[in-house]
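Here it is: the structure, laid out below.
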Amino acid sequence: MDGPSGTGKSTVSRRLAKHCNAGYLDSGSMYRAATLAVLRAGVDPEGPVEPVVRIATTCALELRTDPDAPGVRLAGEDVEAEIRGPEVTRAVSAVSAIPQVREVLVARQRELIEQAVRENGGIVVEGRDIGSVVVPDAPLKVYLTASEEVRAARRAAQDRKAGREVDVETVLADVRRRDQLDSTRKTSPLHAAPDALIVDTDDLSVDAVLDLLVRLVEERGLCE
């Protein structure tokens, strides 16, 4: 499940994983946690690449693939809430654009995917390059999309729900900035895989998107 932020990937992916008794992986949380490690080390994410790579690729990350209790730990600390904050959000595109960082973290993602397939029989993975790079032979690829304004409104609502102060115009500017960075980076730019089903969620509720995906996975024999 790929697509830019604010398209509903996380909610739909988790619910689909629960429906199918499958594992669930939010690949973006891995990049966010690595970015948090860089920030905590006092390293400029947009500065010299070498220290960023060293910290981002060696920090102790642990991701849970249970859709009922997903999350990420950094050096044993639960950082799920902190990685969603504005400081990490502003810096994550710079860190995730570094080829050496992506190479290491993609390898870790593939290990988690293989483990979940062995233990659960399947997994729903969300991100920005899952179908195009991480698992190019996935039996079902979906690319969720929505307008910038709709995505900004959704992101702002999530922030308010989490108790964070939010300004919609600032969120919209962040959405546009990250879209630009993610879609133009040299390594694994954000785009739909050629064989991905593109779903515009502007006028679709979470339940409607989930119903569509459930039909797809059942038609392909991926979920009973």
Side-chain angles (χ1 to χ4, degrees), residues 1-33 61-73 78 80 83-84 96 102 105-147 150-151 154-155 157-158 161 182 188-224:
M1 189 95 64
D2 289 315
S5 62
T7 54
K9 294 193 309 294
S10 296
T11 302
V12 171
S13 296
R14 283 184 63 185
R15 289 181 60 179
L16 181 62
K18 291 173 67 174
H19 177 86
C20 295
N21 294 316
Y24 162 73
L25 175 61
D26 172 9
S27 66
S29 65
M30 184 177 285
Y31 289 103
R32 284 177 171 272
L61 297 180
E62 177 188 350
L63 269 76
R64 298 188 295 274
T65 57
D66 180 353
D68 287 315
V72 58
R73 290 183 176 276
D78 187 336
E80 179 65 28
I83 64 173
R84 307 297 172 184
S96 61
R102 297 199 74 85
L105 297 192
V106 165
R108 294 187 187 179
Q109 290 162 24
R110 288 172 176 160
E111 290 174 358
L112 289 169
I113 291 168
E114 291 173 0
Q115 180 181 352
V117 170
R118 288 195 306 270
E119 296 177 354
N120 301 92
I123 186 170
V124 179
V125 187
E126 62 154 305
R128 282 168 167 72
D129 64 345
I130 306 304
S132 57
V133 174
V134 180
V135 195
D137 57 348
L140 175 61
K141 302 175 187 177
V142 177
Y143 186 92
L144 298 186
T145 185
S147 68
V150 167
R151 291 188 286 120
R154 290 172 179 169
R155 180 65 66 196
Q158 289 176 351
K161 187 176 181 180
D182 288 350
S188 302
L190 170 66
H191 70 278
D195 54 346
L197 172 68
I198 299 177
V199 178
D200 189 326
T201 68
D202 263 8
D203 300 316
L204 295 177
S205 66
V206 171
D207 287 340
V209 177
L210 181 62
D211 288 344
L212 170 63
L213 297 181
V214 167
R215 287 199 302 271
L216 284 171
V217 296
E218 290 179 347
E219 287 171 0
R220 299 193 184 194
L222 301 174
C223 175
E224 297 182 357

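The structure displayed is predicted, hence computed values, not measured ones. For the numbers below, each heavy atom of this structure counts, side chains included, while hydrogens, waters and symmetry mates do not.
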Enumerate donor-acceptor pairs with a distance under 3.5 Å from any side-chain N or O in residues 61-73 to protein atoms, sequence neighbours excluded.
| from | atom 1 | to | atom 2 | distance (Å) |
| --- | --- | --- | --- | --- |
| Arg64 | NE | Ala69 | O | 3.0 |
| Arg64 | NH2 | Pro70 | O | 3.3 |
| Asp66 | OD1 | Asp68 | N | 2.9 |
| Asp68 | OD1 | Lys18 | NZ | 3.3 |
| Arg73 | NH1 | Gly76 | O | 2.9 |

Discussion item. Tell me every residue that passes side chain to side chain donor-acceptor pair (under 3.5 Å) with Asp200, counting only those two or more places apart in sequence or in another chain.
Written reply: none
Worksheet item: What residues form a side chain to side chain contact (heavy atoms under 4.5 Å, CB included) with Ala208, not counting sequence neighbours?
Response: Leu204, Ser205
Fill in: For Arg14, all residues meeting salt bridge (Lys or Arg N to Asp or Glu O under 4.0 Å), sequence neighbours excluded
none
Worksheet item: With no hydrogens and no angle check, is any side-chain donor or acceptor of Lys9 less than 3.5 Å from a backbone partner on Pro4?
Response: yes
Practice prompt. List for me each residue that meets side chain to side chain contact (heavy atoms under 4.5 Å, CB included) alongside Asp203, sequence neighbours excluded, and say none if there are none.
Written response: none
Discussion item. Suppose we screen for side chain to side chain donor-acceptor pair (under 3.5 Å). Which residues come up paired with Arg84, at least two apart in sequence or across chains?
Written reply: Asp26, Glu80
Practice prompt. List in chain and number order the residues that pass side chain to side chain contact (heavy atoms under 4.5 Å, CB included) with Val117, two or more places apart in sequence or in another chain; answer none if no residue qualifies.
Written response: Ile113, Ile123
Discussion item. Taking side chain to side chain donor-acceptor pair (under 3.5 Å) as the definition, give me every residue that meets it alongside Tyr143, ordered by chain and number, with sequence neighbours left out.
Written reply: none
Practice prompt. Just jot down the salt bridge (Lys or Arg N to Asp or Glu O under 4.0 Å) partners of Arg128, sequence neighbours excluded, or say none.
Written response: Asp182
Discussion item. Among residues at least two apart in sequence or on other chains, which ones pass side chain to side chain donor-acceptor pair (under 3.5 Å) with Thr201?
Written reply: Arg154
Response to the item:
So salt bridge (Lys or Arg N to Asp or Glu O under 4.0 Å) across residues 205-216, not counting sequence neighbours, yields Arg15-Asp207
Worksheet, complete the sentence: side chain to side chain contact (heavy atoms under 4.5 Å, CB included) filter on Glu114, not counting sequence neighbours, yields Arg118
